[in-house]
Amino acid sequence: MSDPVLLVDDLTVAYGPATILHDVTTTVTSGEVVAVLGANGSGKSTLIKACLGLAPVTHGEIYLFGAPITKPAQVPFDRIGYVPQRAAAISETPTTALEVVMSGMIGNWRLRPPRGAKARAMEALEQVNLADRAHHPIRVFSGGQLQRTLIARALVRTPELVILDEPLSGIDAHSQELLLGSLHQLHDAGATIIVILHEIGPFNGFLDRSIVLAQGSISHDGAPPEPHGHHASDSHVHQHYPHGDDAPPALAPDLSWG
Ligand SMILES: Nc1ncnc2c1ncn2[C@@H]1O[C@H](COP(=O)(O)OP(=O)(O)OP(=O)(O)O)[C@@H](O)[C@H]1O
């Protein structure tokens, strides 16, 4: 069996009196492509954030590449590319797209981008079809262009684990195809991919597995929805599971490092 890239054991996340996730246990092994699905508010983003040390773990344990998330200095964050859910907050800064993407090569105590960073950042911007906007400040970008910049920032470090929170939202079909192409390339090179989705869309056929959250706990962890199921929202996820025993019951901007 492959090494676990991510291990979540009996996780509870609470914000004050509100328990957002409970009894969450799962493992993602090297090279898997896993979708995290579920209705709005079911806890998908919170799960991903907890896995990255960005949400409070009230109970349970999380390991990334074998390192406990409670000891961030041991976690190899430079092997991870994270695309947060649409982040409007950074769009007011005077930073250019190229600078944002180059910041993706800083991390784990490295404060300067490595040699060749600029050329690599330009390549990453080409991958998301934004090379011609490299020197434009991101504050003038549309939501979709900003999203693509953040995708480039995550991919520029050639991550071994890519975590994307609704990466398709607000980006056009051509950019979606480019993103899928880049993810396929990373996957062919051995990367593990965890992606929160509302629509399976172009991820059809690429997923090995899906984890469905319902009201803060896992209601399904297994086969992805059938290819004809394009919608990952509650009723559709329910409809498209082939095996009754597997079927989930009716389902109920952070920039961490850079
Ligand atoms: N920082 C926070 N403080 C308090 N409650 C929070 C916080 N972050 C998330 N929540 C709550 O946790 C629940 C799950 O939110 P989360 O963003 O994880 O859901 P989601 O499944 O990703 O939803 P969506 O599909 O709408 O993006 C929601 O009820 C939300 O209001």
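One-based numbering, in listed order, for ligands and for the atoms of each. For clarity, every value in this text was computed on a predicted model and none was experimentally measured. We count residues from 1, following the sequence as given. The figures here come from the full heavy-atom set of this structure, side chains too, leaving out hydrogens, waters and symmetry mates.
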Picking from D23, D10, D9, what satisfies side-chain hydrogen bond (donor to acceptor under 3.5 Å, both in side chains) with H59?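 Of D23, D10, D9, side-chain hydrogen bond (donor to acceptor under 3.5 Å, both in side chains) with H59 is met by D10 alone.
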Do [X] and [Y] sit in the same hydrophobic cluster, where Ile, Leu, Val, Met, Phe, Trp and Tyr count as joined when their side-chain heavy atoms come under 4.5 Å apart?
X: I171; Y: L197; result: yes
X: I218; Y: L7; result: no
X: I163; Y: V13; result: yes

Considering only the protein, which heavy-atom contact is closest to [atom], and what is its distance?
atom: atom 27 (O) of ligand 1; answer: Q85 NE2, 3.1 Å
atom: atom 17 (O) of ligand 1; answer: S45 CB, 3.7 Å
atom: atom 18 (O) of ligand 1; answer: T46 OG1, 2.5 Å
atom: atom 7 (C) of ligand 1; answer: Y15 CE1, 3.2 Å

Tell me whether the rings of H136 and F141 are parallel (<30°), tilted (30 to 60°) or perpendicular (>60°).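 Judged by the thresholds at 30° and 60°, the geometry between H136 and F141 is tilted.
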Hey, does A55 sit under 4.0 Å from ligand 1 if you only count heavy atoms?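 In this structure, A55 fails to qualify as a contact of ligand 1 - no heavy atom is under 4.0 Å.
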Against heavy atoms of [X], which atoms of ligand 1 measure under 4.0 Å?
X: S42; result: 19 (O), 21 (O)
X: K44; result: 18 (O), 19 (O), 20 (P), 21 (O), 22 (O), 23 (O), 24 (P), 25 (O)
X: E166; result: 25 (O), 27 (O)
X: H198; result: 25 (O)

Mark yes or no for whether [X], through its side chain, and [Y], through its backbone, hold a donor-acceptor pair below 3.5 Å.
X: R157; Y: I80; result: yes
X: R120; Y: V156; result: yes
X: S210; Y: A223; result: yes
X: K44; Y: G38; result: yes
X: R79; Y: E160; result: no

Identify which of S169, A39, G41, A14 has a heavy atom lying nearest to atom 23 (O) of ligand 1.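 Considering heavy atoms of S169, A39, G41, A14, the nearest to atom 23 (O) of ligand 1 sits in G41.
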L213, N40, I20: member with heavy atom nearest to atom 11 (C) of ligand 1: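 The option holding the nearest heavy atom is I20.
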Please work out whether any backbone atom (N, CA, C, O) or any side-chain heavy atom from C-beta onward of A18 is under 4.0 Å from ligand 1, and answer side chain, backbone, both or neither.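 Neither part.
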Examine the proximity of ligand 1 to K49 and report which part, side chain or backbone, both or neither, has a heavy atom under 4.0 Å away.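 For K49, there is no contact with ligand 1 at all, from either part.
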Test of proximity, G38 against ligand 1: N or O pairs below 3.5 Å: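 In this structure, G38 places no N or O atom under 3.5 Å from an N or O of ligand 1.
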Check whether any protein heavy atom sits under 4.0 Å from atom 31 (O) of ligand 1.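 Neighbour list for atom 31 (O) of ligand 1 is empty of protein heavy atoms (cut-off 4.0 Å).
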Under 4.0 Å from atom 2 (C) of ligand 1, is there any protein heavy atom?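 True for atom 2 (C) of ligand 1.
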